[in-house]
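Here's the structure, in structure tokens; my notes come after.
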Amino acid sequence: MADAAEGAAQGNPGNSASIPILPLVMAVVVAVVVAVGGSGGALYYLVQSGKLPLGGAPQKVQVIEKVAAKTHEIVLEPMLVNLPDEGGRAYLRISMTLSVEDPPPLGKDEKPKEEEKPPEKGKVVIEHNAEIRDAALGVIGSETSEGLLAVDGKEKLKTKLKAAISERIPGLKIADLFFTEFLVQR
């Protein structure tokens, strides 16, 4: 028996069964590569799908809610404004409504100022009516009918009116301005 073991060790084929080394090593290497690749693929899938979070502690997501400011409407009476076109015959009839942000609520210890008290029942008070109308007349009076009837004429007028009214009355925060009537006559 010793002769058969020596013959197998020297590479001589003998009576004992010999296992070829090269195919065995290749099979082990392929099995390791497939196992590592499969494990890596499964790990990648779990991390990307969010089923396996990484990073120890869970992250807190901060949700910021934007609370819309409370507003009230200021409805202005219709205005008739002469436009500086050639011939002096063009005019604009316009009605506007302003959406104005309400002042922040008072604290527990604060008392409302005399001018901030609500109007008596049955009285309608339009705050800053004269100042708003004067600022609007100043802006509209410098516009031509061609400029107002252009594609973006109304939007440009809104922007100018908001800026002029905010400049005239700094405490008034205009959220939006709406035209409820807009008639150009030439």
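Heavy atoms only: backbone and side chains are in, while hydrogens, waters and symmetry mates are out.
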State, to 0.1 Å, how close [X] and [Y] come at their nearest heavy-atom pair, and which atoms those are.
X	Y	result
F179	K154	CE1-O, 3.7 Å
E143	P84	O-CD, 2.9 Å
A136	M96	CB-CE, 3.6 Å
L177	K162	N-CE, 3.9 Å
A135	I165	CB-CG1, 4.1 Å
H128	E131	CA-OE1, 3.1 Å

Please assess L172 against I132 for the test side-chain contact (heavy atoms from CB on, under 4.5 Å), listing each intermediate value before the final yes or no. CA-CA 10 Å; L172 192 67; I132 293 170; 4.0 Å; yes

Give, for atom [atom1] of [X] and atom [atom2] of [Y], the distance between the pair rounded to the nearest 0.5 Å.
X	Y	atom1	atom2	answer
D152	L157	CG	CG	11.0 Å
N82	I140	CG	CD1	12.0 Å
K173	L98	NZ	CG	15.0 Å
L76	T97	CG	OG1	7.0 Å
K70	E101	NZ	CD	13.0 Å

With hydrophobic residues grouped by side-chain heavy-atom distances under 4.5 Å, do [X] and [Y] end up in a single group?
X	Y	value
L92	L183	no
I94	Y91	no
I169	F178	no

Within the distance-only criterion (no hydrogens, no angle test), does the side chain of R133 pair as donor or acceptor with the backbone N or O of E77 below 3.5 angstrom? yes

Under 6.0 Å from the CG atom of L80, do we count more than 12 heavy atoms belonging to anything else shown? yes

Measure the shortest side-chain to side-chain distance between D176 and T71 over non-hydrogen atoms and say whether it is less than 4.5 angstrom. no

Taking it one step at a time, do L148 and L83 satisfy side-chain contact (heavy atoms from CB on, under 4.5 Å)? CA-CA 10 Å; L148 293 173; L83 300 175; 3.9 Å; yes

Candidate pair R186 and D85, rule salt bridge (charged side-chain N to carboxylate O under 4.0 Å, His left out), full reasoning: CA-CA 9 Å; R186 297 196 235 184; D85 286 4; 5.7 Å; no

